[in-house]
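Heads up: numbering here begins at 1 and tracks the sequence. Worth knowing before you read on, the calculation uses all heavy atoms, side chains too, and leaves out hydrogens, waters and symmetry mates.
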Amino acid sequence: MKGEQPPVSAAIDAWWDAVLAGRVDEPHPVHSDDLNVSIKHSVLRLAGALPSEEDRRELLDRAESYVGHGIDQVDSQHLKVVKRAEKAGILEQTLIAAYP
């Protein structure tokens with residue numbers, strides 16, 4: 001339908017609404033427990049490990065959009081991009097099988 005957001009985008013919007021309402025213990029819909037958020041003295045602190053610089057930039061852009069709207073500053077000093085240890089083109093998998 002026209003005008004509807006994708007489910008992930010709607011979930012991220014709802015997550016931001018929850019964070020700004022003080023429910024900082026809610027897991028991020030995409031980054032889950034890899035991202036920690038706190039608000040203290042109107043400073044939004046972001047910490048954790050994200051898979052790409054694009055994800056980090058997107059998260060920071062969104063966080064910075066709230067400056068002046070209940071948030072005075074964004075602290076992303078502990079928000080890092082994880083360097084992947086695996087080789088490009090090779091997927092790491094764990095196979096599990098159950099036999100009757």
Side-chain angles (χ1 to χ4, degrees):
M1 291 185 188
K2 279 189 170 183
E4 283 190 27
Q5 292 181 324
V8 172
S9 181
I12 291 172
D13 288 346
W15 179 80
W16 276 109
D17 291 343
V19 166
L20 293 173
R23 295 192 313 264
V24 295
D25 56 339
E26 299 282 329
H28 188 274
V30 174
H31 304 298
S32 191
D33 293 329
D34 292 337
L35 177 64
N36 297 312
V37 181
S38 65
I39 299 175
K40 190 171 187 177
H41 304 294
S42 297
V43 176
L44 176 62
R45 288 183 173 81
L46 304 171
L50 300 178
S52 73
E53 186 61 40
E54 181 181 341
D55 288 336
R56 184 179 189 279
R57 185 74 255 151
E58 185 178 303
L59 188 70
L60 284 176
D61 287 345
R62 185 67 181 268
E64 289 167 354
S65 74
Y66 294 109
V67 171
H69 301 279
I71 299 296
D72 293 334
Q73 183 180 357
V74 175
D75 175 7
S76 62
Q77 161 178 18
H78 298 289
L79 187 62
K80 308 294 182 206
V81 174
V82 178
K83 303 272 186 197
R84 296 185 182 252
E86 64 263 357
K87 295 179 182 177
I90 298 177
L91 299 177
E92 185 175 317
Q93 295 179 335
T94 302
L95 299 177
I96 299 174
Y99 299 99

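- Within a 6.0 Å radius of CD in E53, other residues, nucleotides and ligands contribute more than 12 heavy atoms.
- Residues forming a side-chain hydrogen bond (donor to acceptor under 3.5 Å, both in side chains) with D55 (at least two apart in sequence, or on another chain): S52.
- Every residue two or more places apart in sequence or in another chain that forms a side-chain hydrogen bond (donor to acceptor under 3.5 Å, both in side chains) with R62 is listed here: D13, Y66.
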For residues 21-28, please give each side-chain donor-acceptor pair under 3.5 Å, one per line with the distance, not counting sequence neighbours.
from : atom 1 : to  : atom 2 : distance (Å)
H28  : ND1    : V30 : N      : 3.0
H28  : ND1    : H31 : N      : 3.0

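- Rounding to the nearest 0.5 Å places CD1 of I12 at 12.0 Å from CG of D17.
- Evaluation of the salt bridge (charged side-chain N to carboxylate O under 4.0 Å, His left out) test over residues 39-50, restricted to residues two or more places apart or in two chains, returns R45-D75.
- In the hydrophobic clustering of ILVMFWY residues, with side-chain heavy atoms under 4.5 Å counting as a link, L46 and V67 come out together.
- Side-chain contact between D72 and V43 is absent, with no heavy-atom pair separated by less than 4.5 Å.
- Listed for the R56 side chain is no donor-acceptor partner under 3.5 Å among the backbone atoms of L50.
- Residues passing the salt bridge (Lys or Arg N to Asp or Glu O under 4.0 Å) test with E64 are R57, sequence neighbours excluded.
- Hydrophobic clustering (ILVMFWY, side-chain heavy atoms < 4.5 Å, transitive): L44 and L60 are in one cluster.
- Between I71 and L20, some side-chain heavy-atom pair lies under the 4.5 Å cut-off.
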